[in-house]
Amino acid sequence: MNCGASEAKKLTMRTTLLICGKAGQGIQTIGYIISKLFVKSGYDIFAWQDFQSRIRGGETSFRIVVSDGKVRSLPESFDIIVSLDKENTKFYLPLLKKEGIAIYQGATDKNVISPPIEELSEKAGGSKFYANMVLTGIIAEVVCGELSLVNNIIKREFEDKSEDVVSANINAAKLGYEWSLKNNVKKFCKITPKKSDGEKMLISGNEAIALGAIAGGCKFISAYPMTPSSGIITYLSKTSDKTGILAEQAEDEISAVNMAIGASYAGARAMTSTSGGGFSLMVEGLSLAGMTEIPLVIVLAQRPGPATGLPTRTEQGDLLFALHAGHGEFPRFIFAPTSADDAYKLMLKAFDMSQKYRVPVIILSDQYLADSYWTLNNFDVNAIALTDYYAQTQKNFMSYKITDSGISAGMKPGSSENLVTADSDEHDESGHITEVLAIRKKMNEKRWRKFKLMEKEISHPKISPSKDPQIILVAWGTNSLIVEEAAEKLSQSGIESVAVSYSELWPLRVPEALMNVDSMIFAVENNLTGQFANLLKTKGVKIAGIISKYDGEPFTSEQIAEAVRKKL
Amino acid sequence: MNCGASEAKKLTMRTTLLICGKAGQGIQTIGYIISKLFVKSGYDIFAWQDFQSRIRGGETSFRIVVSDGKVRSLPESFDIIVSLDKENTKFYLPLLKKEGIAIYQGATDKNVISPPIEELSEKAGGSKFYANMVLTGIIAEVVCGELSLVNNIIKREFEDKSEDVVSANINAAKLGYEWSLKNNVKKFCKITPKKSDGEKMLISGNEAIALGAIAGGCKFISAYPMTPSSGIITYLSKTSDKTGILAEQAEDEISAVNMAIGASYAGARAMTSTSGGGFSLMVEGLSLAGMTEIPLVIVLAQRPGPATGLPTRTEQGDLLFALHAGHGEFPRFIFAPTSADDAYKLMLKAFDMSQKYRVPVIILSDQYLADSYWTLNNFDVNAIALTDYYAQTQKNFMSYKITDSGISAGMKPGSSENLVTADSDEHDESGHITEVLAIRKKMNEKRWRKFKLMEKEISHPKISPSKDPQIILVAWGTNSLIVEEAAEKLSQSGIESVAVSYSELWPLRVPEALMNVDSMIFAVENNLTGQFANLLKTKGVKIAGIISKYDGEPFTSEQIAEAVRKKL
Amino acid sequence: MITAEEYKNEIKSAWCPGCSNFGILTAVRNALFSSRIKPHEIVLVSGIGQAAKLPHYLRCNFFNGLHGRALPAATAIKAVNPNLKVLVTTGDGDCYGEGGNHFIGAVRRNPDIKVVVHNNEIYALTKGQASPTTPYGTKTKLQFDGVKIPPFDPLLVALALGCGFVARGFAGELVHLADLISESFKFKGFALIDVIQPCIIFGQHKPEFYKDKVFKLTREHCISDYDSAMKLLRTSTEKIPIGIFYKKERECFGAKSDITCSEPEVIKRSVAELMSEFC
Amino acid sequence: MITAEEYKNEIKSAWCPGCSNFGILTAVRNALFSSRIKPHEIVLVSGIGQAAKLPHYLRCNFFNGLHGRALPAATAIKAVNPNLKVLVTTGDGDCYGEGGNHFIGAVRRNPDIKVVVHNNEIYALTKGQASPTTPYGTKTKLQFDGVKIPPFDPLLVALALGCGFVARGFAGELVHLADLISESFKFKGFALIDVIQPCIIFGQHKPEFYKDKVFKLTREHCISDYDSAMKLLRTSTEKIPIGIFYKKERECFGAKSDITCSEPEVIKRSVAELMSEFC
Ligand SMILES: Cc1ncc(C[n+]2csc(CCOP(=O)(O)OP(=O)(O)O)c2C)c(N)n1
Ligand SMILES: Cc1ncc(C[n+]2csc(CCOP(=O)(O)OP(=O)(O)O)c2C)c(N)n1
Ligand code: SF4
Ligand code: SF4
Ligand SMILES: [Mg+2]
Ligand SMILES: [Mg+2]
């Protein structure tokens with residue numbers, strides 16, 4: 001961002017903004033446009049949103065961290081806080097750094113930038129409706145963004161709106177920008193202008209998951225709306241004319257999972273997505289996928305439970321449930337992406353593994369990932385392989401052939417004269433109901449035999465380099481980047497620490513680094529009971545303690561570091 | 001049984017019978033009447049049935065062990081095998097002991113008793129319909145039962161049938177009895193006649209569970225039919241005019257569990273029952289009970305899965321599922337009865353604990369328990385306490401009061417002017433939705449705090465006495481009695497063994513006897529993956545191996561002993 | 001005497017300012033006090049959705065359960081303690097979507113509960129996906145090229161299922177709606193009141209649009225005649241009738257009196273008696 | 001040419017000897033071959049129950065899923081590969097009980113699938129509990145003092161939900177039933193054929209009872225007229241009409257062509273295109 005203003009405040013490599021206001025005030029739009037502005041200007045951002053379970057009013061914020069691309073966690077406090085609403089100001093202002101800048105209308109405090117937002121909005125479009133764009137313009141100027149870029153982004157964002165609306169919005173942003181310029185507000189732009197090194201993507205966790213599904217060959221999704229998972233089917237529906245995917249809203253989650261299984265039986269790569277409550281309803285279907293050996297990918301976007309819980313918040317409370325969900329015993333994969341990038345890649349792997357082993361794969365996401373924005377390089381489309389694991393047309397095809405590997409290659413019904421069967425009862429090789437106990441035994445063993453090979457598909461957890469650390473922090477899923485940052489912080493403060501971060505959870509692989517070591521091992525989990533820690537214990541890992549958070553918010557790295565210090 | 005016949009075959013203290021035939025031939029009736037005959041004659045029996053998932057035809061057997069009351073497991077082979085059908089004869093005859101007696105029509109083998117069943121049936125009632133009663137008469141005579149007793153039992157069994165039918169049945173039994181007497185068939189009656197020491201009960205596992213529910217104060221059950229659980233609601237429905245219980249068949253399992261929760265909210269002790277597939281559908285409701293802290297008892301009668309699996313067989317495959325079922329984190333109890341006696345008692349405890357802690361309690365039964373018959377002394381009705389845990393009417397009553405124990409005493413809506421609330425969202429003390437994260441944290445901790453006290457309610461597992469055993473066999477639920485017998489057998493054969501049998505599974509208590517011992521610890525489980533073993537591992541118990549069975553049949557003690565020997 | 005005041009509480013609404021749900025809230029409150037039901041004598045039962053938040057905004061007993069599962073809970077509450085009045089407040093998604101099988105089940109079972117469906121023809125709380133009642137062709141963020149299914153007609157289906165009290169209200173007609181609710185309390189059995197509840201955020205039409213659209217059924221319409229009700233529902237006119245379409249009592253589900261007490265002495269006796277049957 | 005023989009397999013039936021399900025099996029088989037559908041071109045889909053075992057007794061593709069969940073699976077199978085024919089065989093409990101919400105969902109969504117409901121008015125496989133269609137007053141082992149709810153009328157409800165092919169068959173009228181099924185294959189959309197299927201074990205009446213009770217609808221009955229269909233269903237007569245009550249095509253759910261193939265090159269292109277939108 002080209003900003004030569006000498007009054008610019010000193011900046012670290014990390015600038016943080018929090019934009020807040022009531023639901024319905026267009027906070028997300030401001031946040032998204034500002035994020036885009038940074039990205040278009042060549043910077044990496046990470047952003048996360050917090051909402052309440054309502055459509056209008058209440059408190060909602062959009063938090064942006066601008067960084068050199070390595071920071072992937074939220075700060076305790078912010079350099080800039082912008083508010084569109086009084087109550088929100090009261091609620092979020094405590095998060096402002098001492099030297100930070102606050103921007104809101106009607107402030108009396110001299111240190112606060114207090115723009116005439118409503119007035120400018122009226123001026124721009126004849127109503128208060130454009131307040132958020134006025135603020136966007138102001139923020140853009142404060143962070144030294146270019147107005148032309150802002151205009152382009154607005155145009156694209158509102159591309160399906162009428163020309164009048166677009167120009168009023170652009171006008172509002174301009175008025176805000178100019179007001180800020182004229183009033184010579186403090187600047188936050190030590191970030192020296194960067195050449196935009198090719199266009200990077202600004203993408204949300206849900207979008208990355210959806211895009212990964214597309215790249216993984218998904219052809220069918222059925223789902224029932226549920227926060228924070230709805231963005232996935234929404235994206236797949238919106239893009240279906242381009243991808244040919246059939247995206248259907250089911251009458252309930254039971255239908256959603258059974259439709260996905262039906263589509264998969266017919267030969268389409270299929271998935272469903274939901275949150276904990278909906279997943280609960282899918283559990284019988286999961287067991288069906290296990291029994292019928294029909295590939296299935298389920299995205300479980302976690303939120304705090306039990307029951308309805310906190311619908312718009314984040315938690316990692318469903319790991320052991322996902323692992324043991326479904327009556328009877330059958331193998332499954334469980335992946336928990338650590339980032340949007342990882343989410344995309346794991347979706348490809350999920351579809352691939354599901355097809356190869358004919359087992360269900362569960363992707364554990366959460367609100368933190370679903371509603372966060374990431375700056376990513378384009379994915380390598382050449383990495384898209386889409387291996388065809390179907391049986392070649394052959395005589396004597398049987399859907400449940402007993403093999404050494406346990407894998408019985410599938411076939412698409414109708415693709416040849418072979419008959420393709422699926423049976424929820426215990427069955428023989430041809431898929432017919434059996435009550436012969438010896439066959440039951442063999443089939444149960446056949447299904448389970450796949451697990452041995454599945455174990456080998458699992459990548460080891462990521463271990464940050466260190467020799468002889470005092471502390472090992474184990475993380476899984478979306479916690480991982482935060483925990484890695486915490487480990488760095490601890491090491492810098494003299495407590496040699498490493499992070500072991502898991503994104504492929506099951507089958508569980510335990511690296512040497514966790515066995516028979518003198519280091520104290522802490523499991524860091526966004527839940528109350530330390531679910532992953534319990535899993536590690538079954539493998540003999542000695543857990544010194546659990547660092548947990550279960551109030552609906554993600555960790556900050558500082559909170560983790562602090563918790564570790566307290567435990568020493 | 002008064003049988004002076006000198007040709008009586010020598011008997012051990014354990015006589016075993018297997019009665020088989022097609023579904024629809026009345027095998028269960030024969031088995032039940034013969035069992036009753038033994039009990040009425042002063043003996044203890046244990047009986048189990050195996051069926052197929054059909055209404056007519058196929059193979060089904062009723063297996064009876066007559067003993068001095070200590071034997072509680074099925075034999076590998078039988079002293080007497082009686083068959084009403086050719087295919088069944090072929091199927092089950094391999095289970096006959098060398099010196100055993102086979103009884104079926106049309107045999108050519110001289111060692112086989114071959115009565116003219118159909119002829120006698122025609123004679124008794126003018127149709128083949130009474131074949132099972134003819135056989136009943138024959139068996140009664142072979143085991144030296146008294147005909148008058150048989151008649152009484154038949155009369156009672158058919159009490160709602162017409163007089164004609166009753167007398168035809170009695171007649172058929174008589175003809176069978178007389179035929180047997182006349183033909184001087186080999187006798188099995190070393191069992192010396194016993195004085196009937198008070199009337200003992202002959203009761204099935206499902207009936208014991210249902211009776212336990214009644215004694216536990218149950219006032220409402222809603223369930224959806226599912227083998228092998230249906231017997232519970234059937235019994236509660238049938239007896240509802242005596243107990244005042246409302247027993248309702250729900251439109252599906254989701255409704256069943258939500259109805260039970262609703263009834264419980266209103267103040268009725270309430271339950272539901274199902275098998276794995278139905279339980280899968282109840283999982284969201286379970287989470288609701290956890291969140292709303294509404295007492296709930298669920299009986300999960302296991303059968304082999306995944307999915308529809310083997311609907312009429314037995315397995316212990318749903319332990320870890322039951323333990324982790326439901327999104328989010330909340331405390332629960334899990335009990336797994338080891339016998340009908342235990343089942344009755346645990347139902348009382350289940351209702352009591354559920355009321356006291358306002359948590360869900362899951363009873364893990366299985367087909368083996370559900371469909372088995374036990375000889376029991378009358379339960380002590382004076383042990384029925386039914387403590388009232390409701391709050392005294394008070395000012396400032398709040399449904400979710402935060403307390404040191406974590407328990408917020410409940411109240412029946414309408415019982416006073418206090419308002420009673422329940423909320424599936426995270427809520428404040430008054431039960432209203434909250435999105436204040438600090439309250440969420442407190443509420444989550446409050447709910448979980450109960451777990452500490454719940455742990456203290458758990459009885460230790462039963463440990464068979466032995467010093468310094470070479471082998472420890474860990475069992476849970478219905479396996480326990482079989483495993484105890486296996487341990488005795490092993491000890492007798494020189495391999496000093498003890499059984500540790502769990503019927504109160506969760507919160508998990510690990511006795512000293514399992515920690516830091518030199519003995520080899522084997523987990524014996526009716527599943528493939530050793531689910532309880534995994535649980536023990538989280539507590540640091542060293543498991544040397546798993547002895548598992550997952551073909552749909554229960555263990556025999558001999559199979560377990562043999563498996564241990566192989567592992568040494 | 002009970003006043004509307006007794007039903008007021010301090011809870012701040014999470015509804016959008018100006019939402020027609022507030023009208024329903026007022027109507028429910030007025031119906032409750034005009035029916036002389038005290039706050040502790042009624043249980044408001046709901047699932048999840050905007051509509052389902054209503055119980056929080058009245059000072060009374062409530063059970064706010066799972067999305068789609070209000071009816072089984074409400075059915076059982078009434079069944080075990082008939083002394084309680086039970087009113088369900090639910091949404092079109094909650095009641096006809098996720099809860100469809102319980103809608104069938106509850107209508108057929110006929111517990112003595114009253115069901116007010118805030119029918120805004122949308123899944124509002126999850127930000128605007130189609131519900132079963134969303135009109136054909138409506139574009140939503142998920143059904144981006146328009147809903148492809150003709151809408152579910154709750155009253156017609158309820159009639160086909162044998163519902164004994166079939167009514168439609170409008171959130172903008174407070175007195176009429178309150179009367180409908182009061183009427184439903186006089187009726188013994190499952191009463192369905194589907195309420196036109198325009199959503200000002202995701203809805204197709206503003207509340208004003210319906211003001212002129214609706215007309216109140218009069219005595220002309222014979223509410224005890226099934227076929228007239230059918231016909232009225234089948235005949236599509238410019239105007240939307242509100243009021244009671246059909247009313248007929250039949251056998252209700254539930255215990256005759258409060259069965260929630262587990263009396264030790266009574267239970268001991270019945271256990272003893274039942275044990276003797278196993279001997 | 002395809003023959004009925006091609007559909008025969010060696011699987012031994014688990015149905016009771018003499019059960020009317022065998023009649024339905026024959027009718028399905030005859031309809032399939034007379035409709036010239038080859039075994040690999042059709043998928044039989046079912047849930048769990050006696051009825052739901054039917055797919056095992058024909059030599060063809062089948063998907064025998066969960067109790068109550070045949071319709072969503074069948075819907076999706078047809079939706080992703082419209083070249084497949086899809087026939088659901090299900091029971092009254094499977095389809096109208098456990099599966100009630102999918103019945104609503106599937107009728108409304110209108111996939112091009114054919115649904116034969118073996119309506120024996122009982123849960124047979126679980127040994128005789130009441131189903132939604134069990135007649136009022138019937139005593140069962142669970143409803144020991146008689147069913148207290150008027151039965152669910154599947155055809156009436158289907159009509160109310162907008163079903164485009166509403167028919168009733170009788171398991172004892174093989175040719176008529178096979179014709180109905182063949183007709184349903186000529187119809188594009190969700191076709192419901194509720195079949196009177198007397199259970200000789202738990203049923204109220206023997207098959208013979210219905211032989212004289214049923215009568216076949218003739219041309220007299222106008223199958224394109226909704227109101228006539230309604231009326232016919234509402235009018236209770238001594239005799240039970242079998243045949244097509246109502247028929248009308250409308251927009252179907254599902255892809256226009258087989259979308260089951262994930263072509264790497266096509267997918268790479270669309271991913272590349274979509275990525276550019278995030279830049
Ligand atoms: C099992 C489950 N699935 C999905 C959701 C998400 N959800 C909450 S409210 C809602 C829709 C509500 O629609 P409606 O009942 O019409 O209420 P409205 O918000 O429109 O008033 C959904 C899908 C949930 N809470 N639980
Ligand atoms: C989730 C679940 N609940 C219950 C069952 C048990 N069950 C199997 S078949 C059946 C009823 C079948 O009734 P219907 O569909 O009418 O078939 P019928 O046997 O009468 O032909 C039930 C309740 C099950 N398999 N799965
Ligand atoms: S979203 Fe619609 S229905 Fe919900 S509160 Fe707002 S205006 Fe009312
Ligand atoms: S139980 Fe009834 S429906 Fe089932 S196979 Fe037997 S006769 Fe047929
Ligand atoms: Mg709605
Ligand atoms: Mg049936």
Side-chain angles (χ1 to χ4, degrees), chain B residues 199-203 207 211 214-220 222 239 242-246 248 250-252 254-270 284-285 288 292 376 378-379 381-382 384-386 412-414 416-425 431-433, chain C residues 9 11 14 38-43 45 47-48 53 55-56 59-81 83-84 101-102 104-106 108-109 253-255 258-264 266-276 278-279:
Chain B
E199 299 264 88
K200 283 195 179 178
M201 296 191 288
L202 178 65
I203 189 169
E207 287 163 345
L211 202 58
I214 296 168
C218 178
K219 286 292 158 196
F220 183 84
S222 45
T239 55
K242 295 204 176 83
T243 61
I245 288 178
L246 188 58
E248 177 67 1
E251 62 272 23
D252 59 28
I254 300 175
S255 179
V257 71
N258 281 281
M259 276 203 218
I261 293 170
S264 181
Y265 162 82
R269 295 193 174 198
E284 194 195 13
L288 176 66
T292 53
L376 299 182
N378 274 16
F379 303 117
V381 291
N382 292 318
I384 298 174
L386 297 172
K412 291 187 189 183
S416 76
E417 295 210 342
N418 285 294
L419 301 179
V420 182
T421 59
D423 188 7
S424 73
D425 298 275
H432 284 289
I433 299 181
Chain C
N9 68 12
I11 306 297
K38 299 210 185 100
H40 72 279
E41 292 169 346
I42 185 154
V43 183
V45 180
I48 295 296
K53 287 179 185 164
H56 290 277
R59 221 197 113 261
C60 64
N61 296 310
F62 65 83
F63 179 100
N64 182 178
L66 296 172
H67 180 50
R69 317 303 171 189
L71 294 180
T75 299
I77 292 168
K78 182 75 189 180
V80 298
N81 186 357
N83 302 330
L84 292 167
N101 206 30
H102 313 308
I104 299 178
R108 296 189 56 236
R109 197 174 272 118
F253 170 71
D258 180 350
I259 58 166
T260 64
C261 285
S262 301
E263 305 252 22
V266 177
I267 286 171
K268 283 179 192 175
R269 266 201 306 279
S270 51
V271 170
E273 185 186 343
L274 292 171
M275 281 195 300
S276 73
F278 292 106
C279 294

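Atoms considered below: every heavy atom in the structure, side chains included; atoms not considered: hydrogens, waters and symmetry mates. Here is the naming used below: chain letters follow the sequence lines, and residue numbers restart at 1 for every chain.
- Looking only at heavy-atom pairs under 4.5 Å with chain B, the residue among C/Asp258, C/Leu66, C/Val45 that has the most is C/Leu66.
- The backbone N or O of B/Val420 lies less than 3.5 Å from a partner atom in the side chain of C/Asn61, making a donor-acceptor pair.
- Contacts of B/Ala256 with chain C are absent, with no heavy-atom separation under 4.5 Å from either backbone or side chain.
- The shortest heavy-atom contact between B/Gly262 and C/Ala76 is C-CB, 4.2 Å.
- Here C/Cys279 contributes atom SG and B/Ile203 contributes atom CD1; the two are 9.0 Å apart, rounded to the nearest 0.5 Å.
- If you take CZ on C/Phe63 and CG on B/Asp423, they are separated by 9.5 Å, rounding to the nearest 0.5 Å.
- The distance from the CG atom of B/Leu211 to the CG atom of C/Leu274 is 6.0 Å, given to the nearest 0.5 Å.
- The line from CZ of C/Arg269 to NZ of B/Lys242 is 14.5 Å long, rounded to the nearest 0.5 Å.
- Most heavy-atom pairs under 4.5 Å with chain B: of the set C/Gly47, C/Cys60, C/Pro39, this distinction falls to C/Cys60.
- C/Ile77 touches chain B through backbone and side chain together, each having a heavy atom under 4.5 Å away.
- Heavy-atom minimum distance, B/Asp425 versus C/Ile48: OD2-CD1, 3.8 Å.
- Chain C forms the most heavy-atom pairs under 4.5 Å with one residue out of B/Ala250, B/Ser264, B/Ala268, B/Ala260, and that residue is B/Ala268.
- A 4.5 Å side-chain heavy-atom check between B/Leu288 and C/Arg69 finds every atom pair outside the cut-off.
- Both the backbone and the side chain of C/Ile259 come within less than 4.5 Å of a heavy atom of chain B.
- Within the 4.5 angstrom heavy-atom criterion, only side-chain atoms of C/Glu273, from C-beta onward, approach chain B.
- For C/Arg59, the parts sitting under 4.5 Å from any heavy atom of chain B are the backbone and the side chain alike.
- Residues meeting the side-chain hydrogen bond (donor to acceptor under 3.5 Å, both in side chains) test with B/Ser255, sequence neighbours left out: B/Glu251.
- With contacts defined as side-chain heavy-atom distances shorter than 4.5 Å, the pair C/Val80/B/Lys219 does not qualify.
- Annotation: the span from C/Phe278 atom CZ to B/Leu376 atom CG amounts to 10.0 Å, rounded to 0.5 Å.
- The contact between C/Ser270 and chain B is made entirely by side chain atoms (from C-beta outward), counting heavy-atom distances below 4.5 Å.
- Options B/Asn378, B/Val257, B/Ile261 differ in how many heavy-atom pairs under 4.5 Å they form with chain C, and the most are formed by B/Asn378.
- Heavy-atom distances place no part of C/Ile42 under 4.5 Å from chain B, backbone and side chain included.
- Here the CG atom belonging to B/Leu246 is positioned 4.5 Å from the CZ atom belonging to C/Phe253, to the nearest 0.5 angstrom.
- Residues C/Val43 and B/Tyr265 form a side-chain contact, since some pair of their non-hydrogen atoms from C-beta on lies under 4.5 Å apart.
- For the pair C/His102/B/Ile254, a side-chain contact is recorded, criterion being any heavy-atom separation below 4.5 Å from C-beta on.
- Proximity to chain B is limited to the side chain of C/Asn9, based on heavy atoms less than 4.5 angstrom apart.
- Across all non-hydrogen atoms, the minimal contact from C/Pro72 to B/Met259 is O-CG, 3.3 Å.
- Looking at C/Lys53, the atoms closer than 4.5 Å to chain B (heavy atoms on both sides) all sit in the side chain, from C-beta outward.
- Side-chain atoms of C/His40 and B/Ser416, non-hydrogen and from C-beta on, never get closer than 4.5 Å to each other.
- For B/Lys412, the part lying under 4.5 angstrom from a heavy atom of chain C is the side chain only.
- Among all heavy-atom pairs drawn from C/Met275 and B/Phe379, the shortest one is SD-N, 3.2 Å.
- Nearest approach of C/His56 to B/Gly431, heavy atoms of both residues: CE1-O, 3.6 Å.
- For C/Asn81, the side-chain hydrogen bond (donor to acceptor under 3.5 Å, both in side chains) partners at least two apart in sequence or on another chain are C/Asn83.
- Between C/Ser262 and B/Gly217, the closest heavy-atom pair is OG-O, 2.6 Å.
- Environment of NZ in C/Lys38: sparse, with no more than 12 heavy atoms of neighbouring residues, nucleotides or ligands closer than 6.0 Å.
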